[in-house]
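A short worksheet on the structure shown next.
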2 protein chains.
Amino acid sequence: MASNQTPSMASRGVTSTVMGTLSAPPGTRRPTLRDVAARAGVSFKTVSRVVNGEPGVSPGVTARVREAADALGYRPNAAATALRRADGRTGTLGVLLDDVGNPFFAALLRGIEEVARSHGIAVFASSTDLNFGCERDMTRAYVARQVDALITAPAEGDFAHLAQAASEGTRIVLVDRPATRLDVDVVLTDNRAGSRRGVEHLITHGHLRIGYIGRDPSIYTARERFAGYVEALNAAGIPLDMTLVRREGATRSSAADHVEALLSLAEPPTALFTGQDLITMTAAATLQRKGLQYDVALVGFDDFELADLLQPGVTVIAQDPHAIGRLAAERALGRESTAATNVVPTRLIERGSGEIPHPSR
Amino acid sequence: MASNQTPSMASRGVTSTVMGTLSAPPGTRRPTLRDVAARAGVSFKTVSRVVNGEPGVSPGVTARVREAADALGYRPNAAATALRRADGRTGTLGVLLDDVGNPFFAALLRGIEEVARSHGIAVFASSTDLNFGCERDMTRAYVARQVDALITAPAEGDFAHLAQAASEGTRIVLVDRPATRLDVDVVLTDNRAGSRRGVEHLITHGHLRIGYIGRDPSIYTARERFAGYVEALNAAGIPLDMTLVRREGATRSSAADHVEALLSLAEPPTALFTGQDLITMTAAATLQRKGLQYDVALVGFDDFELADLLQPGVTVIAQDPHAIGRLAAERALGRESTAATNVVPTRLIERGSGEIPHPSR
DNA sequence: AACCCCTACGACAACGTTGTCAAGGTCTCA
DNA sequence: TGAGACCTTGACAACGTTGTCGTAGGGGTT
């Protein structure tokens, strides 16, 4: 695995001192087309042709140029290329997500990056922390860097900066949530259908009183997931009981409080549907602490590491952030001329907690 | 454990709804210095001065230029700037990690990105999947893009591409593991000390036979962590018993096998030290499955989400990837002229599994 | 009034590349 | 043998910016 490659570049001065000062550029200018041309004895334009694989260079000259370029370690200057290219493409992609450290967005970024890499595209990544000013500034920074496309999970409300970027020719793809009045590609999880499927799963196991704990309705995905909950109840003819619904907060402590409150009702729910991973984890832990983990059914939206190690395993509606990322990158780098909304399906993963039957059964 | 995966909407697949035509660039060239100059009635050089805050422009002209720039929505072209600048800085940073989707590296990237953002630096991120060819190609791609610095978790063995990049003036910072014969900044977790601390913690609770399950010694961090285990035993005068040591594989199944094998020994260990999060999770689950989670002590290297929700909670030696990222970015963007090795300490987090005493006590 | 200096601005080259066009050579075919 | 076509190569402009230098004009000092 560790390749035994002898660095044959000592002659070129690429040796590294073992300890001491940081290798400051010792006058080692990066070689340019002209340097290669001088060494090969041709004009720099001919080198350009060889490097870009343009036709019309004789085999002999091509070989000589190749050799010179290799010897000097020539790499084209991306800035100059981007500046001069007729189509203005830079071979870069900007990605702007809530938090690249969050598992969901990290997996999404990973998906984007895979596709980009296979296209030879470099990916700028940045987090917004849902701060609108930050989102706008980073969008502009990426536009200034002439990214070929921008993939972003937009904040609610103001999409003017995206509209402007789009009007200046930057291709835009939205992920995780849509934007109103913006005719661009969107890649979304099917939140509503997934949520509905999860609640139907609980109904199938006999539950009629199903508690809902989700995030604030100001969040798009939270609205969709709650809508799926309502749809499932309606379809089964179960009346919506708002005393079973909690839609605020997403911290661990608030979620735990919601679970406690629901279970303390005079007529408590026999099952819970939770609208986000953090809430699901907390709900599972709270049920365990109360010794009810085998009595109250639980299905959560979002899969999470270790969901299968808890006892019982936690049944979830899993999103596929990796697929969302791949799809978004394909749309961003593709040549389609019409904007589309791409919906990525969810997957129900049964692990035990969601298959606990209604107690009367 | 085997999750029952029911595709919830097999019939749906990925649906796309066409919405309309993509906003193609309607001849909207991005405005340049010249456009702003024409509108303000000055030379383009004067606009350049205003935009860059250079002195020597009268207040009246400055105001007129500012107005024109705002009206046109002028953004400087980053490629042209990078091309022309004397210092050759592009305001970009390349990051090359094993997998940006992995929680450890995602947090590390997040730390880098925070610091970079505060400096107005854009971050290229890419995964290598520990593929050397991929690492070398991406390094070259970033060098071609003239990144000001490159932060990377290098593969073992061949560092010629990094040496070359450094010699051409790209600042290099290594994270998570060092490189031999390369005089550059390094930011590392104190693997050895952390591991030693964890094993000492078990020894403090009376354990003498402590099993070790870690990754292959070809991996730097695995070697260091094992060295810490050995150090702790030596310091306590406990002889090293290689029958208690398993150092291969990192998949869930192989880790489970190792736990089973250790516990089946004639004289089984009373405690386990695991050298990686995946192994720790699997060990915890395996102990639970055997009903031994309250009998065999467990300390793992690497914290993981939900370690506190298992019963008992899993005691870990936590790394701080976020801090590693921040420190690496500070070194990469800083002005220090001498290379240094920066060690980030670990933290012991007691949650229960590591505080199970030796049975005879 | 002659001198100088300072301020505010502009003209122009240069960065490293790609696009355009023309020059010179070879080949084909009449 | 000449004309035309093609192939190979080079000269040069241009991309949008920053760095260098020049210059016009105002104000101060002798």
Side-chain angles (χ1 to χ4, degrees), chain A residues 25 28-66 68-69 72-92 143-146 168-169, chain B residues 25 28-66 68-69 72-92 141 143-146 148 168-169:
Chain A
T28 49
R29 202 173 44 88
R30 228 184 289 280
T32 70
L33 282 182
R34 291 190 149 82
D35 299 322
V36 178
R39 187 180 235 261
V42 297
S43 81
F44 76 93
K45 177 64 206 186
T46 297
V47 179
S48 168
R49 275 190 261 261
V50 171
V51 169
N52 290 18
E54 284 173 34
V57 182
S58 66
V61 172
T62 300
R64 227 164 59 232
V65 169
R66 282 253 153 73
L72 295 176
Y74 170 77
R75 305 278 146 200
N77 180 317
T81 302
L83 187 59
R84 194 56 184 87
R85 279 208 117 87
D87 56 10
R89 295 196 101 69
T90 53
T92 58
V143 167
R145 290 184 193 280
Q146 313 252 98
E168 283 174 0
Chain B
T28 49
R29 200 172 47 88
R30 230 184 288 279
T32 71
L33 282 182
R34 291 191 150 81
D35 299 322
V36 178
R39 187 178 232 261
V42 295
S43 81
F44 77 94
K45 177 64 206 187
T46 298
V47 179
S48 167
R49 275 191 260 261
V50 172
V51 169
N52 289 20
E54 286 173 33
V57 182
S58 68
V61 173
T62 300
R64 228 167 56 234
V65 169
R66 282 254 154 71
L72 296 176
Y74 171 77
R75 304 278 147 201
N77 180 318
T81 301
L83 186 59
R84 194 58 185 83
R85 278 207 117 86
D87 57 10
R89 295 196 101 68
T90 54
T92 58
V143 168
R145 290 184 193 280
Q146 312 252 100
D148 297 337
E168 284 174 0

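Below, chain A is the first sequence line, B the second, and so on; all start at residue 1. Just so we're clear, the structure is a prediction, and the values are computed from it rather than from any experiment.
Phosphate proximity of C:dC9 to B:Thr46: absent, as no side-chain N or O sits under 4.0 Å from OP1 or OP2.
Taking all atoms of both residues into account, the shortest heavy-atom contact from A:Val42 to A:Val61 is CG1-CG1, 3.9 Å. B:Gly41 and B:Arg64 get closest at one heavy-atom pair: O-NH2, 4.0 Å. A pairwise comparison of heavy atoms in B:Val36 and B:Ala69 identifies CG1-N, 3.7 Å as the closest pair. Across all non-hydrogen atoms, the minimal contact from A:Arg85 to A:Arg89 is CD-O, 3.7 Å. A:Ala82 approaches A:Thr90 most closely through the heavy-atom pair CB-CG2, 3.5 Å. The shortest non-hydrogen separation linking B:Leu83 to A:Ala80 is CD1-CB, 3.7 Å.
Two end axes, each from the C1' atoms of five base pairs, can be drawn for the helix from C:dA1-D:dT30 to C:dA30-D:dT1; they diverge by 50°, to 10 degrees.
Two residues are said to be in side-chain contact when any heavy atoms from C-beta on lie closer than 4.5 Å; A:Asn77 and A:Thr32 fail this criterion. By the 4.5 Å heavy-atom criterion applied to side chains, B:Tyr74 and B:Leu33 are counted as neighbours.
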**Message:** Apply side chain to side chain contact (heavy atoms under 4.5 Å, CB included) to residues A:Gln146 and A:Thr92 and explain how you reach the verdict.
**Reply:** CA-CA 8 Å; A:Gln146 313 252 98; A:Thr92 58; over 6 Å; no

Taking only N/O atoms, report every protein-nucleotides 6-8 of chain D pair under 3.5 Å with atom names and distance.
none

Restricting to nitrogen or oxygen on both sides, can you table the protein-nucleotides 18-25 of chain C pairs closer than 3.5 Å?
from, atom 1, to, atom 2, distance (Å)
C:dT18, OP1, A:Asn52, OD1, 3.4
C:dT18, OP1, A:Asn52, ND2, 2.8
C:dT18, OP2, A:Ser48, OG, 2.8
C:dT18, O2, A:Arg84, NE, 3.0
C:dT18, O2, A:Arg84, NH2, 3.1
C:dG19, N7, A:Lys45, NZ, 2.8

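One finds the CG atom of A:Asp35 at 12.0 Å from the CZ atom of A:Arg30 (value rounded to the nearest 0.5 Å).
The distance between atom CG of B:Leu83 and atom P of C:dA14, rounded to the nearest whole Å, is 14 Å. Look at CZ on A:Arg34: it is 8 Å from P on C:dG16, rounded to the nearest Å.
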